[in-house]
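Encoded as structure tokens, the structure appears first; notes follow it.
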Amino acid sequence: MPSEQELIELRRQKREQLLALGDAYPARTSRTHEAAKAVALFERTEREGLEESRRAVTVAGRVTAIRDMGRAAFVDLRDGSGGIQLHVRRNVLGDQFGLLALVDLGDFVEASGRLFRTRHGEVTVAVTRWRVLTKALRPPPEKWAGLVDVETRYRQRHLDLMANERSREIARARSEVLAAVRRFFQRRGFMEVETPVLQEEAGGAAARPFYTHHGALDRDLALRISLELHLKRLVIGGFDKVFEIGRVFRNEGISHRHNPEFTLLESYEAYADYEDVANMVEALFRSVLSEVTGGLEVRHGEETIDLGEPWARTTYREALLEHTGIDYRAHPEAAQVRTLALDRGVEVDPDASWGTALDALMAAFVEPHLVHPTFVFDYPAELSPLAKRKRDDPTLAERFELFALGIERANAYSEQNDPVEQRELLREQARKAAGGDEEAEVADEDFVRALEQGMPPAGGLGVGIERLVMLVTGEHSIREVVLFPAMRESGG
RNA sequence: GGGCCCGUAGCUCAGCGGUAGAGCAGUGGACUUUUAAUCCAUCGGUCGGAGGUUCGAUCCCUCCCGGGCCUACCA
């Protein structure tokens, strides 16, 4: 019989014995204190020198260690608040001491008794009564090295969370980031909304969508790739400040920076432009960072950056010129830019457009250097079909991206609200799509029709939540900040 | 997608041509203030899968499956 099966079989037998004695899975517990609260209570009363310090408590949690000394044992318990130690003694517990033989690592138990401090100084429950709350059939990960195997950590995240404090910290940080983002927008008078995930056409970004099928309607539907087009319709409808935090899906490669589904934050503010949005982003990031970490510094490997210092501002043209010596105005043909890229060892598709080739240069030579937070303003209009053109230079769009630690963290526009121009730009994209360009955006006639109703000038923002959580936690793999990252089918 | 690396006990890892080891966990025993408890004994393996080379393969070769890092695209 395989060893794992033996381990499980032994635990099954203990479960049977527990059931014979009463229950191995009682529904009701009588916990009076979380572990951390019990310890704090003891420490407080102890400081005050009260006799009452030996207060009786009932705690409950998962057994993480058992140190058995024959007629007595120490049992470590952990609940959501932290841990506390139990001391079980034969002469105190009598018959109930025998329960120790049926308790394994990973089980949940409840224990009552007075608090005391051991010789080594640990606050401990002197157990007078205890019982099993949940019998676990599988053993927990090893206690010292913990769970290291990355694949198991991602596929069986419960084991990872059980074994690794860091994983629990990251999960909590993500939750706090989301809460802090919501507080920020709520304070500024934004309304949180929810828009459809299933759509006829997936628009608002350049990405390949996933498709699914609606049975009753017998119709294929796309999963959204952005939130943009619906949110703008809400602005048209009269909601001046809206935001959504929603899952979007992009049918592209999986990597340490890309998960096929990720959480996107988008906000739209009427009567604001991209300069206003830039100021807001700065405030947003600082607010989130200080609320979650208590400071404005971020450590990432060797690098430490201080988001409290003024953020750099440059333009697409200046940044490219500074880092590559290329002024794209001198090279208006796609073929010229492709040659420049190839000359510098950057791979570009032979039929890459002018903008795509420029972006390859940006990604290779500029972005990695943008360690301290840097706004890059005024993208080539060709790359930004949903952004308003600059009045004094129609080849540029009122768009910025924010970079920090070499990675794009935010993307924003003064939104295009001229329906005639918008329709023309989207038709151009449609022509590219028809010509086989998978990156082209899909024209959405319903959206343009809505624009014809009149959209006030508005500033829009997009932030990948995972990217923000990675910034806050200093993690460099998206899989560490997504609880259940996409994996291939398990095999081998 | 390309390059490099990895897959051995439930977990963490050694071994790298002669048929598999340690620690933790488990089991039995000693121990009533331990905390990686300690001490003694002991159980536990299709060495990711399939082929090939060889007298003999966990080890060398090929393919497949899964994973990681770097790189590319995106957010």
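Residue contacts shown for A:E408 are limited to sugar-phosphate atoms, with no base heavy atom under 4.0 Å away. Across all strands shown, A:S255 has heavy atoms under 4.0 Å from base atoms, whether or not it also approaches the sugar-phosphate. Using a 4.0 Å heavy-atom distance criterion, A:I8 is classed as making no nucleic acid contact. Residue A:G462 is classed as having no contact, given no heavy-atom separation below 4.0 Å to the nucleic acid. The residue A:N251 sits apart from the nucleic acid: no heavy atom pair falls under 4.0 Å.
Aromatic rings from A:Y274 and A:Y413 are positioned such that their centres are separated by 6.0 Å or more.
Remark: A:H258 pairs with no residue by the ring pair (Phe, Tyr, Trp, His ring centres under 6.0 Å) rule, at least two apart or across chains. A:H323 pairs by the side-chain contact (heavy atoms from CB on, under 4.5 Å) definition with A:V366, A:H369, not counting sequence neighbours. With sequence neighbours excluded, no residue satisfies salt bridge (Lys or Arg N to Asp or Glu O under 4.0 Å) with A:D359. Residues that satisfy the side-chain hydrogen bond (donor to acceptor under 3.5 Å, both in side chains) test with A:N164, not counting sequence neighbours, are A:D160. Scored by the side-chain contact (heavy atoms from CB on, under 4.5 Å) test, A:L340 finds A:I326, A:H331, A:R344 as partners (sequence neighbours excluded). Under the rule for a ring pair (Phe, Tyr, Trp, His ring centres under 6.0 Å), A:F262 has no partner lying at least two apart in sequence or in another chain. Residues satisfying the ring pair (Phe, Tyr, Trp, His ring centres under 6.0 Å) test with A:F243, not counting sequence neighbours, are A:F185. For A:H87, the ring pair (Phe, Tyr, Trp, His ring centres under 6.0 Å) partners two or more places apart in sequence, or in a different chain, are A:F74.
With salt bridges taken as basic N to acidic carboxylate O contacts below 4.0 Å, one links A:R247 and A:E261. Between A:R286 and A:E282 there is a salt bridge, since at least one side-chain N of the basic residue sits less than 4.0 Å from a carboxylate O of the acidic one.
The phosphate of B:rU32 (OP1 or OP2) has a side-chain N or O of A:R71 nearer than 4.0 angstrom. Under 4.0 angstrom from either OP1 or OP2 of B:rG67 there lies at least one side-chain N or O belonging to A:R155. Put simply, A:H120 has a side-chain N or O that comes within less than 4.0 Å of OP1 or OP2 on B:rU34. Listed pair A:R257 / B:rC73 fails the phosphate criterion, with no side-chain N or O lying under 4.0 Å from OP1 or OP2. Contact between the side-chain N/O atoms of A:R250 and the OP1/OP2 oxygens of B:rA75 is found at a separation under 4.0 Å.
Separating the CD atom of A:E122 from the C1' atom of B:rA36 is a distance of 13 Å, rounded to the nearest angstrom. If you take CG of A:L265 and C1' of B:rA75, they are 11 Å apart, rounded to a whole angstrom. Note: CD (A:E165) to C1' (B:rA36) measures 17 Å, nearest angstrom. Per the geometry, CD belonging to A:Q5 stands 16 Å off P belonging to B:rU27, to the nearest Å. Whole-Å rounding puts the A:L105 CG to B:rA36 C1' distance at 12 Å. Between A:D160 atom CG and B:rC11 atom P the separation is 14 Å, expressed in whole Å. Rounded to whole Å, atom C1' of B:rU71 lies 12 Å from atom NE2 of A:H258. If you take CD of A:E4 and P of B:rG10, they are 6 Å apart, rounded to a whole angstrom.
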Tabulate atom names and distances for all N/O pairs under 3.5 angstrom spanning the protein and nucleotides 37-39 of chain B.
| from | atom 1 | to | atom 2 | distance (Å) |
| --- | --- | --- | --- | --- |
| B:rA37 | OP1 | A:K143 | NZ | 2.1 |
| B:rA37 | OP2 | A:R67 | NH1 | 3.3 |
| B:rA37 | N6 | A:D68 | O | 2.8 |

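Summarising the geometry of A:T324 relative to A:F365, their closest heavy-atom pair is CG2-CB, 3.5 Å, with the distance given to 0.1 Å.
Of the candidate nucleotides B:rC74, B:rU33, B:rG67, B:rU33 has the atom lying nearest to any side-chain atom of A:R119. Each of B:rU34, B:rU32, B:rC73 was ranked by its minimum atom distance to the side chain of A:R89; first place goes to B:rU32. Looking at the side chain of A:E142, the nearest of the listed nucleotides B:rC24, B:rU34, B:rU27 is B:rC24. Of the candidate nucleotides B:rU27, B:rC73, B:rA25, B:rU27 has the atom lying nearest to any side-chain atom of A:L10. Checking B:rG67, B:rU12, B:rU33 against the side-chain heavy atoms of A:L147 singles out B:rU12 as nearest. The side chain of A:L7 approaches B:rG26 more closely than any other nucleotide in the set B:rU34, B:rG26, B:rC74. The side chain of A:A145 lies closest to B:rU12, out of B:rU12, B:rU71, B:rC74. For A:F262, taking side-chain heavy atoms from C-beta onward, the closest of the listed nucleotides B:rA75, B:rC74, B:rU34 is B:rA75.
Counting distance only, with no hydrogens placed and no angle test, the side-chain atoms of A:R90 and the base atoms of B:rU32 include no donor-acceptor pair under 3.5 Å. With hydrogens and angles ignored, no donor-acceptor pair under 3.5 angstrom links the side chain of A:R208 to the base of B:rC73. Taking 3.5 Å as the limit, the base of B:rU34 and the side chain of A:Q85 contain a donor-acceptor pair of atoms between them.
With 3.5 Å as the limit, one finds no donor-acceptor pair spanning the side chains of A:R233 and A:T195. Side-chain contact, A:R78 with A:T64: no donor N or O sits under 3.5 Å from an acceptor N or O.
Only the C1' atoms considered, B:rC13 is 14 Å distant from B:rA20, to the nearest whole Å. Straight-line distance between the P atoms of B:rG56 and B:rA14: roughly 30 Å, to the nearest whole Å. Between B:rC47 and B:rG51, the two P atoms lie 13 Å apart (nearest whole Å).
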Using Watson-Crick and G-U wobble pairs whose two distances are both under 3.5 Å, how do you write the pairing of RNA chain B as dot-bracket, with | for links to another strand? (((((((..((((....[..)))).(((((.......))))).....(((((..]....))))))))))))....

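Pairs of residues two or more places apart, or lying in two chains, never qualify as ring pair (Phe, Tyr, Trp, His ring centres under 6.0 Å) while including a residue from residues 132-157 of chain A.
Against RNA chain B, the stretch residues 360-377 of chain A makes heavy-atom approaches under 4.0 Å through A:A360, A:A363.
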